[in-house]
Every structure is written in structure tokens, then in C-alpha cells.
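Let me begin by presenting the structure, written as C-alpha cells, before commenting on it.
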Amino acid sequence: MTSQPQTRSDEHFGSWAADHLPPNYPERAAWGTAQPLRAWQQEALEQYFRTEPRDFLAAATPGAGKTTFALRLASELLRRGAVHRLTVVAPTEHLKQQWADAAHRAGIRLDPDFANGDGDYPRQYHGVVVTYAQVAARASVHERITRSAPSLVILDEVHHAGDALSWGDAVLEAFGPATRRLSLTGTPFRSDTSPIPFVEYVRDERGVRVSRTDYAYGYEHALKDSVVRPVVFMAYAGTMQWRTSMGDEMKATLGHGDTKDITNGAWRTALDPGGAWIQQVLKSADVRLTHVRERVPDAGGLVIATDQAQARQYAQILRGISGQEPTVVLSDDAGASDRIGAFAKGDARWMVAVRMVSEGVDVPRLAVGVYATSSATPLFFAQVIGRFVRSRARGEIATVFLPSVPPLLTLAAELERQRDHALDKETDDEQLLDDDLMAAAEQGDRDDREPAPFTWEPLESSATFDKVLFGELEFGQLVEPASEEELDFIGIPGLLDAEDVSELLKRRHARQAARIRERPPAEAAPEPLYRNMREERQLLNSLVAIVAKRRGEAHALVHAESRRVCGGPPVAQASMQQLRDRIHYLRKVMDRGR
């Protein structure tokens with residue numbers, strides 16, 4: 001039997017409730033958006049109702065108001081009788097409650113507590129909110145609900161439907177019979193080539209199959225409309241030292257144009273909670289948060305960690321720095337959603353999380369972030385930065401601290417770039433260092449003839465302030481943390497019009513450069529020659545070990561090759577320049593993948 005909610009004849013879903021839902025519910029509208037709907041929302045609705053397609057894909061930057069747009073569309077379809085049931089599919093359990101609360105404000109009753117075992121939902125509801133995992137567990141239940149009456153399905157952050165082959169198959173089975181399907185995304189889709197259900201792919205001029213979006217509202221456009229905040233990135237470099245799984249000690253400067261292996265090792269070392277790099281960056285971020293809270297008293301900060309162990313250790317460091325207990329959010333903790341909600345409504349300084357706060361979770365008071373994770377995919381980066389762009393009032397800006405490594409700096413500079421999901425591409429370059437890939441790498445290669453004699457180990461790290469990125473512009477230069485030059489940038493006002501950010505950063509850049517020019521050069525004592533020679537030999541031996549492992553050759557053969565190509569005596573008798581020539585040659589060999 002079809003269960004449909006009873007409504008009065010004079011009530012219509014598209015009138016008062018949906019019309020008066022704030023443009024970016026659950027928070028108040030951003031400055032400059034007094035009308036019930038933002039211009040993009042109205043335009044997207046008009047485009048949809050011109051043709052009323054079965055499938056519609058809307059891509060809008062985080063904080064732009066996708067939820068309001070979707071519920072306004074749903075209320076109109078319900079009012080017209082085009083659909084009688086509504087199913088919202090969300091990525092996480094936390095978002096189920098968030099969707100139900102927003103729908104209530106729009107005059108739509110959704111059940112966020114529906115379980116697969118219930119079979120159907122009570123007649124007083126217009127529909128349910130479920131997760132992709134819940135659909136994958138029993139797709140037949142959701143197919144039966146979808147078939148029972150004309151249905152609208154809203155697929156929130158639709159790229160999650162491609163997280164696993166079984167998930168995609170389940171979504172296709174459950175919602176294939178739907179009368180209407182609205183797919184939403186606020187990120188550059190997936191970093192892999194898994195197809196997303198109900199998304200149309202067309203070939204571009206290169207013959208690559210890319211997703212076709214029906215309506216797109218990117219960050220660049222939203223920033224011009226004052227719908228989202230400008231984001232300023234503070235990049236930190238430094239010197240890192242670690243021991244490889246082969247027992248070789250490596251030393252590198254974070255952010256230098258090294259091979260992937262060396263860049264990855266330096267990056268992981270920087271994130272080690274026991275090292276000085278992350279401790280200094282957290283201290284600088286807390287100073288920034290203090291400056292922001294002078295004008296925005298409830299401003300909060302968020303640290304995104306690689307794993308749960310590091311999240312707990314970062315929280316301990318922040319406790320010592322700020323004197324306040326941070327909120328720790330772990331995805332497998334039953335009380336995580338409640339803690340996010342309490343943090344969002346309160347005025348505590350810091351929250352530390354792994355992945356749970358990376359997408360869809362609304363905490364609009366977040367103003368300062370620390371990207372302390374080893375994931376470098378465009379998808380994950382966009383999800384994280386999306387937590388900081390939600391604008392509440394005129395002039396609020398966001399500041400994100402991150403390691404000065406090429407993939408993150410590139411993603412920060414391309415924040416305004418509009419991306420589509422491509423099915424025909426290589427993914428290695430976009431996954432320079434990804435959490436899952438690193439976990440697999442630490443397990444070793446099953447085909448290795450001998451297990452690695454050591455475990456990878458961070459040894460030492462230090463931090464230096466590198467530069468500020470705002471859009472495609474860079475400001476500042478390498479200086480010591482806690483210096484006047486660093487404070488020039490981390491002390492910028494927390495309230496600042498977007499158009500004034502670049503001008504202020506230019507002035508600070510000029511002032512920093514003038515201070516550095518006027519300062520007498522420091523007379524650093526030169527390192528003894530034997531120390532420099534020792535470091536160069538260690539680096540050469542480490543590179544030889546990496547190349548030898550990749551090829552399955554003896555170390556002596558690789559040493560002999562580099563000596564033959566570059567010339568000179570054996571390593572023990574080689575000069576500094578001869579050692580550096582061999583290091584340069586081996587780095588080129590590694591880049592070529594030989």
C-alpha cells in the first residue's frame with residue numbers, strides 16, 4: 001500500500017516554509033543575500049523547471065546553499081504532485097540529522113532514524129534520510145520504497161555512490177525506478193575513474209569522458225557574490241630527517257623539488273607529533289586564532305589529522321598551547337556527531353578530527369585550519385577547505401596552515417578551478433601522498449625477496465614560515481617562526497573585505513622585505529667539512545638503496561653505474577662535487593622511473 005502524507009488543500013510546500021528557509025540553512029544568510037533565495041538558487045530552479053528532467057546534477061561550492069536549493073525543489077515537486085515520496089541519501093550518519101532538521105524548516109518531514117529492518121516509514125513522514133552504506137546493505141528495501149509511489153531521490157555528495165562497486169550497484173538498483181533524481185556535489189568529484197550512478201559522461205575535445213553538470217556554481221563565482229569567504233593559505237617549510245625502512249638516514253628540506261619518495265618522507269616527518277615542525281605550526285595557528293577572535297569572538301579552529309593516534313596527540317599539544325581542552329572527533333566514536341554539534345553551537349577554540357569533518361558537516365564559525373594530513377587528492381583537499389569557506393558576515397576570512405609541499409601548494413593556488421569527473425585518466429599524479437596508499441606502502445611488497453630490516457621512523461624536524469598564498473598570488477619569504485616577519489601575516493585582521501585582502505598582503509610583503517634588507521646578515525659558523533661530506537654520502541647511499549630496490553639489483557651495481565656515468569673515484573675518495581653529481585644523476589633516474 002502506498003503511504004502518503006495527508007495535507008490540507010490550502011497548504012502548499014513551496015509557499016511560506018520553503019520560501020523562508022535561509023539561503024544557507026542552518027545558518028543565517030551571508031551578507032548581501034537578503035532575498036529568500038540566492039540568485040544562483042533561483043536560476044538553477046528556473047532551469048530545472050523549464051524541462052523537469054528525470055536526472056539533474058547540480059555542482060555548487062561548499063557553503064553556497066545546496067541544501068536550500070534541493071529542499072526548495074523538492075517542496076515544489078511535492079506541491080505540484082509530481083512526486084509523493086522523498087528519499088535523501090547522505091554520506092554520513094551525522095548528515096542525516098542535519099538534512100532532517102533543514103527539511104523541517106522547509107515544511108518537509110523526513111525520518112532520519114529509519115532502519116532497513118523497518119521496511120517502510122510511518123505515514124506522517126514525507127520520506128526518509130539514509131546513508132549510502134545503508135542503501136548498499138539492503139538495496140531491495142529502498143527499491144521497494146522507491147517503487148511504492150512517485151519518488152524524488154536526492155543524492156547528496158553523489159560521488160560517494162562510486163566509493164565501491166557494490167555501492168554503485170546498490171544505488172542503481174534502489175533508485176533506478178525513481179520518478180526524479182537530483183544529484184548534488186560540492187567537490188571536484190572523485191580522484192579515481194569509478195563511474196558515478198545517474199551521472200552523464202560526454203567526451204571532451206580530447207576524447208576524454210567527463211561528467212556533464214546541469215548547473216554549476218563554483219567558488220570563484222561565489223566569492224565574487226560574497227557568498228563564501230576568501231581563504232588565505234599559510235605555508236610552512238623546514239628541515240626534516242628520517243630513517244627509511246632500509247635503515248638509511250635521510251635529510252631534506254620540506255618543499256624543495258625532490259623526488260616523490262623524498263618529498264613524501266619529508267612530509268610524513270613534518271606531521272610527526274613528536275617533532276618540532278607540527279608543534280610550531282600549531283602554535284602559530286593558535287596565535288592566528290587569537291587575532292581572529294579579537295573581532296570574531298566565537299571563531300574556531302580545526303585540525304585535520306592523518307589518523308586517530310595523531311589526532312589525539314595533536315589535541316594534547318593544543319591543550320598545552322591554548323590552555324583549553326580541544327574537541328576530538330573520531331569517526332568510529334558513537335558520540336562524534338554530538339560533539340560536532342556542541343562545538344558548532346559553542347565558542348571553544350579547537351576541534352581535531354580525522355575524516356569525519358572533511359565533508360558536508362556545517363560548523364560555520366570555523367575560521368582557522370591546520371591541514372595536518374597526508375592526503376593530497378583534489379577531492380579530499382576541496383572537502384577540507386570547504387569547511388572554512390562558509391560565510392556568516394561581511395569581511396570574515398579563513399586562514400589555513402599547511403606544509404609547503406608542491407601538491408598542496410598547487411591545489412591551494414587552484415582553489416577557484418572548476419573540475420569535472422573524468423573516466424579516462426591516470427590517477428598517480430593526483431595521489432602523490434594519500435593516506436590509504438601510504439598505509440599500503442608501509443606493509444611492504446609481498447613479492448619482496450627479503451623483508452625490510454627496519455621500520456620507517458621520523459627523527460627530527462624544524463619549521464620555518466615559507467609564504468602566504470591567496471589565489472594564484474604568493475607573498476612573503478622564508479623567516480623564523482615567532483618573528484616579526486611571520487606575525488606580519490598571521491596577525492592580519494580577522495574581518496577584511498575580500499577585495500582588500502590582496503592589497504593588505506602586498507603591503508605586509510613589502511614591509512617584511514624591507515625589514516629583512518635592513519637587518520645585518522647573520523654570521524653563521526660554517527659546518528665542518530667532514531659533517532657536510534657525511535651528509536652527502538648518507539643521501540647518496542639512500543638514493544642508491546631506493547634505486548636498487550626498485551630494480552631488484554645489488555647496491556654495488558647502482559653505485560658502479562653512477563660512478564661510470566658521472567666519473568670520479570669510489571665514494572670514500574669522492575669530492576663533494578662528485579658526490580653531488582651522482583646524487584643529481586640518481587634523482588633523474590628515479591624521476592624517469594627506471
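Side chains are part of it too, since the values below use all heavy atoms of this structure and drop only hydrogens, waters and symmetry mates. These numbers were taken from a predicted model, which means no experiment stands behind them.
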With a 4.5 Å limit on heavy-atom distance, are the side chains of L469 and L409 in contact?
-> yes
Taking the side chain as every heavy atom from C-beta outward, state whether D466 and L254 have any atom pair closer than 4.5 Å.
-> no
Answer yes or no: is there a donor N or O on one side and an acceptor on the other, between the side chain of Q279 and the main chain of G275, under 3.5 Å?
-> yes
Min side-chain heavy-atom separation V231-I385 under 4.5 Å | yes
Considering all heavy atoms, the nearest V352-L318 contact | CG2-CD1, 3.8 Å
Distance (rounded to the nearest 0.5 Å) between Q41 CD and Y215 OH | 9.5 Å
Any donor-acceptor pair under 3.5 Å linking the side chain of R319 with the backbone of Q324?
-> no
Here the pair of heavy atoms bringing A237 nearest to L478 is CB-CD2, 4.1 Å
K251 side chain reached by T239 side chain, heavy atoms, under 4.5 Å = yes
Would the number of heavy atoms belonging to other residues, nucleotides or ligands and lying under 6.0 Å from CZ of R295 be above 12?
-> no
Kindly confirm or rule out a cation-pi arrangement of R349 over F343, judged by NZ or CZ under 6.0 Å from the six-membered ring centre and within 45° of its axis?
-> no
Any side-chain donor near an acceptor of the partner, Y236 and E486, under 3.5 Å | yes
Are the side chain of T68 and the backbone of G65 linked by a donor-acceptor contact shorter than 3.5 Å?
-> no
Worked check of side-chain contact (heavy atoms from CB on, under 4.5 Å) between F489 and K467 | CA-CA 9 Å; F489 291 106; K467 55 191 169 187; over 6 Å; no
With a cut-off of under 6.0 Å to the ring centre and 45° to the axis, is R243 in cation-pi contact with W456?
-> no
Counting only N and O atoms by type, is there a donor-acceptor contact under 3.5 Å from the side chain of D214 to the main-chain atoms of L57?
-> yes
Please test E396 against V296 for side-chain contact (heavy atoms from CB on, under 4.5 Å), starting from the C-alpha separation and ending with a verdict.
-> CA-CA 8 Å; E396 286 187 342; V296 188; 3.8 Å; yes
Is any side-chain heavy atom of E503 less than 4.5 Å from a side-chain heavy atom of R507?
-> yes
Got a second to check how far T92's OG1 is from Q98's CD, nearest 0.5 Å?
-> 8.0 Å
Stepwise side-chain contact (heavy atoms from CB on, under 4.5 Å) test for H160 and V158 | CA-CA 5 Å; H160 282 286; V158 67; over 6 Å; no
Do side-chain atoms of R38 reach the backbone of A64 as a donor and acceptor pair under 3.5 angstrom?
-> yes
Heavy-atom closest pair, residues A398 and F388 = CB-O, 3.4 Å
Salt bridge or not for R288 and D286, using N-O below 4.0 Å?
-> no
Taking side chain as C-beta onward, heavy atoms only, is R293 less than 4.5 Å from T290?
-> no
Shortest non-hydrogen contact from P326 to A315?
-> CG-O, 3.4 Å
How about Q42: does its CD atom have over 12 heavy atoms from other parts shown lying under 6.0 Å from it?
-> yes
Taking all non-hydrogen atoms of both residues, which atom of P273 and which atom of I317 are closest, and how far apart?
-> O-CD1, 3.6 Å
Check whether any side-chain heavy atom of I304 sits under 4.5 Å from a side-chain heavy atom of Y314, and report yes or no.
-> no
Donor-acceptor pair, S483 side chain versus V479 backbone, under 3.5 Å?
-> no
Go through the side-chain N and O atoms of Y217 and E43 and say whether any donor and acceptor fall under 3.5 Å apart.
-> no
Close side-chain approach of W242 and R268, heavy atoms under 4.5 Å = no
Any chance you could measure R365, atom CZ, to D347, atom CG, to the nearest 0.5 Å?
-> 6.5 Å
Non-hydrogen atoms of A372 and V303 that approach each other most closely | CB-CG1, 4.2 Å
When you look at Y219 and V228, which way does the side-chain contact (heavy atoms from CB on, under 4.5 Å) test go after all the steps?
-> CA-CA 7 Å; Y219 176 79; V228 294; 3.5 Å; yes
Establish, yes or no, whether a centroid distance under 6.0 Å links the rings of Y371 and F381.
-> yes
Working to the nearest 0.5 Å, report the span between CZ of R390 and OG1 of T61.
-> 9.0 Å
Calculate, to the nearest 0.5 Å, the distance between atoms CZ and CZ belonging to R587 and R580 respectively.
-> 10.5 Å
Charged N to carboxylate O below 4.0 Å: is that the case for D298 and R392?
-> yes
For W40 and A60, indicate whether the former's side chain and the latter's backbone hold a donor-acceptor pair under 3.5 Å.
-> no
Taking atom CE of M240 and atom OG of S461, what is their separation to the nearest 0.5 Å?
-> 5.0 Å
